[in-house]
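Contents: one structure, followed by commentary.
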Amino acid sequence: MKKFLWLFIGVLMLTGCPSKKVEVKEAPVEEIKEKTIVDYINIEGSHSGYIFKDGRKLYIARKENAAQIYLESSCGKDVKQLTFQEDAVEGYVVSPEEKQILYIISKGGNEQYDFHVYNLEKGNSEGLLVDDAVRFESPRWLNENELLFTSNEANGKDFYIYHLDIPSKKKTLLVEKPGYNHITDAISKDEFLFYTFLGNNKTAPYHFKNGKPKKIKGAQKERNFVPLAFFEDGILMETNEESDVEYLEIWKDGVKKPLFKDIWGVESVVVDKISRKHAAFCTNEDGYSSCSYYSDGKVEQIPLKKSVVFLTRIDGERIIYNMMNPDRISSPAAFHFSRKESVSFGYTFDNGVDISGFVAPELKKVKGADGVEIPYFLYTPKTGKPPFNTIVYFHGGPEGQFRPYFIATYQYYLKKGFAIVAPNVRGSSGYGQIFMDMDNYKLRMNSVSDGKTVTDELVRLGISKPGKFIAMGGSYGGFMVVASMAKFSDDYHCGINSVGVVDFVNFLENTAGYRRHLREVEYGPLTDREFLMSISPTNMVDTIKGELFVFHGANDPRVPVSDAYILMEKMKKAGKKYQHHIFEDEGHGFKKRENRVIYNSKSAEFIEKCGE
């Protein structure tokens, strides 16, 4: 299932000041000593930028234990922390008149998202929709007193669409449609766009008008249809209906007008909601971004450095984005299209680590035995000679994709002499629908074989030491770790499984109700228990030779922590070596700084010992 990130946003007066582009925090000068993993993980950037009409700026940064929202004066001289939550702020959206910021948090990583509002005139926060038993999503401001949202409060499974009158907190059910629904754009409570997830990058688009939702005319096939916004005189649609990758069209009454189509798939689209005539978007080209600006029927490229780019907002010709490179700490930036100027803002902190020499990966490809080409990113140390002990990082998803982001911990391991390879095995996104579907259901173990194809290639090229691979991954990547260590036990000296899916029957029985059907489409139905057991690493532990470290969050709603306990119990009975750490205040991943220190410190100690 694609992961859709929201940008939530708002305001407060700060005084004018001399020009300054970005808040750069420098570590105090200390006696030169070797940097530890903690030094690297405390390198921080910022994201989710927003610029007010008066030039003030918002962003999210983790300056303390958990990420919060910060307000920066127009020139960057003064910065004010707006939120002080125990848990990380997941995102925010600013009200139309820029008086309020609606932001999302979840307690202890349980992903039961709550809505809070920061009032920029009063300077305070209060809970808006808070319920430990409910997940609130898709907030869309209509005006300062009304918004639309989705929630699973009716039955814990289906996300219905509601209208909220903020002063009275009165909720009105608008769309009682089964499934996982997501709002994309709204003109009023009487007219808006949304889509329903069907699974495996397939969605159904709807237009709500005259009191009822109607499937948008023209969406006939079972493909991906995302009605992004009311645009020009129709609806801007992202789809792969007639292609293997996503492209853009403007739909009106069943007529489809092309806007942009390429051999690479479109992603990260933003629309100017004021004029509804300007848009910006990026294509994913082998993991790197190429971005374009659309206006008056013309598409022109945005001249940005080769990198990974996520667009967050567009106001006329000003496009706000985050650019990520292996040697650049990420922070928001604003690009003005006609002036061809880009200005960064937000927060960066290098913690005294020299990032100028950080290693960028090389994109490489290798064909499997069946002829399928597997892309992978390879990092090699600047010092030392091959062959190297090599960390194999498996991404999650399975519809995720490894991309060359800024990853400080990788640079620590490279300094220690490890090579790192990140394969995008079949099932990964970014390479089209056919490639994404190549691991579905009965084809599951083919993705594990792709990992073997890549490690064999590195040994053949003399880059990696045979039998000295270290597997590492989270979520679906955790499945890949344990399955690879079991199926190719002579290759892996050790591995780290974080929040991994390792028992598919237990996983599907205990994952959050709203996720179960979507995951059955990917992995197989619970009715086929025999097959699910056959691909579960918990039933493969007898062949594992290397030591395993298991990390998990006790509040994980996606992969139940019971998966970790089942795995450890079977490892113990089989006499296999393992270590574990369960975070009681985390969920599907580790967001709090204090827990990231524990996770990364234990991982580094484990990996360095394994690499001896």
Side-chain angles (χ1 to χ4, degrees), residues 4-12 48 50 52 58-60 66-71 80-156 158-176 180-190 192 194 208 273 312-313 512 514 555 557 587 591:
F4 293 85
L5 302 177
W6 309 323
L7 181 64
F8 308 152
I9 320 190
V11 173
L12 196 128
S48 301
Y50 180 94
F52 290 104
L58 289 173
Y59 59 85
I60 294 176
Q68 305 295 331
I69 300 175
Y70 293 84
L71 177 63
K80 180 183 179 65
Q81 182 174 339
L82 300 186
T83 60
F84 297 85
Q85 299 289 341
E86 181 179 349
D87 293 287
V89 173
E90 304 278 349
Y92 68 91
V93 65
V94 177
S95 64
E97 295 180 21
E98 299 186 333
K99 294 178 180 179
Q100 302 174 85
I101 306 169
L102 186 154
Y103 63 94
I104 285 183
I105 60 171
S106 65
K107 295 177 182 177
N110 66 6
E111 297 186 11
Q112 296 292 85
Y113 296 129
D114 294 329
F115 290 177
H116 295 253
V117 170
Y118 184 90
N119 188 300
L120 286 151
E121 296 178 331
K122 297 178 180 178
N124 64 351
S125 279
E126 63 177 34
L128 181 62
L129 293 174
V130 179
D131 188 332
D132 289 346
V134 176
R135 175 171 166 132
F136 300 102
E137 290 195 5
S138 288
R140 291 291 180 270
W141 287 100
L142 299 176
N143 52 56
E144 295 298 311
N145 295 311
E146 298 177 274
L147 60 86
L148 301 180
F149 68 96
T150 66
S151 88
N152 62 350
E153 60 189 274
N155 57 22
D158 298 311
F159 282 81
Y160 298 156
I161 299 176
Y162 298 83
H163 169 267
L164 178 68
D165 178 79
I166 296 174
S168 67
K169 293 191 177 180
K170 179 184 177 182
K171 291 182 287 187
T172 303
L173 177 62
L174 298 179
V175 179
E176 191 176 359
Y180 203 135
N181 300 302
H182 185 86
I183 307 167
T184 55
D185 194 14
I187 293 175
S188 69
K189 68 179 180 180
D190 300 314
F192 53 87
F194 71 97
F208 181 90
K273 298 293 180 67
T312 56
R313 184 175 173 82
Y514 56 84
N555 303 321
K591 297 179 180 179

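With Tyr162 as the partner, the ring-ring contact (aromatic ring centres under 6.0 Å, His included) test is satisfied by one option alone out of Phe149, Phe136, Phe192: Phe149. When each of Asp87, Asp132, Asp131 is checked for a salt bridge (Lys or Arg N to Asp or Glu O under 4.0 Å) with Lys107, only Asp132 meets the rule. When Glu146, Lys170, Lys171 are each tested for a side-chain hydrogen bond (donor to acceptor under 3.5 Å, both in side chains) with His163, only one passes: Glu146.
Between atom CG of residue Asp158 and atom CG of residue Asn181 there is a gap of 8.0 Å, rounded to the nearest 0.5 Å. To the nearest 0.5 Å, the span separating CG on Leu129 from NZ on Lys169 amounts to 7.5 Å. Note: Thr150 OG1 to Arg135 CZ = 8.5 Å, rounded to the nearest 0.5 Å. In this structure, the separation between CG on Asp165 and CG on Leu147 is 9.5 Å, given to the nearest 0.5 Å.
By the 30° and 60° cut-offs, the orientation of the rings of Phe159 relative to Tyr180 is parallel.
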Quiz prompt | Residue pair Tyr103, Tyr118: steps toward the ring pair (Phe, Tyr, Trp, His ring centres under 6.0 Å) verdict | solution = CA-CA 8 Å; Tyr103 63 94; Tyr118 184 90; 7.6 Å; no

Practice problem: Show the numbers, then the answer: is there a ring pair (Phe, Tyr, Trp, His ring centres under 6.0 Å) between Tyr59 and Tyr70? | Solution: CA-CA 6 Å; Tyr59 59 85; Tyr70 293 84; 5.8 Å; yes

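The shortest non-hydrogen separation linking Leu174 to Lys189 is CD1-O, 3.7 Å. Across all non-hydrogen atoms, the minimal contact from Trp141 to Pro96 is CB-CD, 3.6 Å. Closest of all the heavy-atom pairs between Ala66 and Ala88 is CB-N, 3.7 Å. The two residues Leu148 and Ala186 have their closest heavy-atom pair at CD1-CB, 3.7 Å. Closest non-hydrogen pair, Pro557 versus Gly109, comes out as CD-O, 3.8 Å.
Side chains of Glu111 and Ser106: a donor-acceptor N/O pair is absent below 3.5 angstrom, by distance only. A side-chain N or O of Gln100 and one of Glu144 form a donor-acceptor pair less than 3.5 Å apart. No donor-acceptor contact under 3.5 angstrom links the side chains of His182 and Glu137, judged on distance only.
Looking only at side-chain heavy atoms (C-beta outward), Ile60 and Glu90 stay at 4.5 Å or farther from each other. Thr83 has its side chain out of reach of Ile105: every pair of non-hydrogen atoms, C-beta onward, lies at least 4.5 Å apart. Taking the side chain as every heavy atom from C-beta outward, Val134 and Asn152 approach each other to under 4.5 Å. Between Leu58 and Leu82, some side-chain heavy-atom pair lies under the 4.5 Å cut-off. Residues Asn155 and Tyr160 meet the side-chain proximity criterion, which asks for heavy atoms closer than 4.5 Å. Side-chain contact check for Val117 versus Ile166: every heavy-atom pair is 4.5 Å or farther apart.
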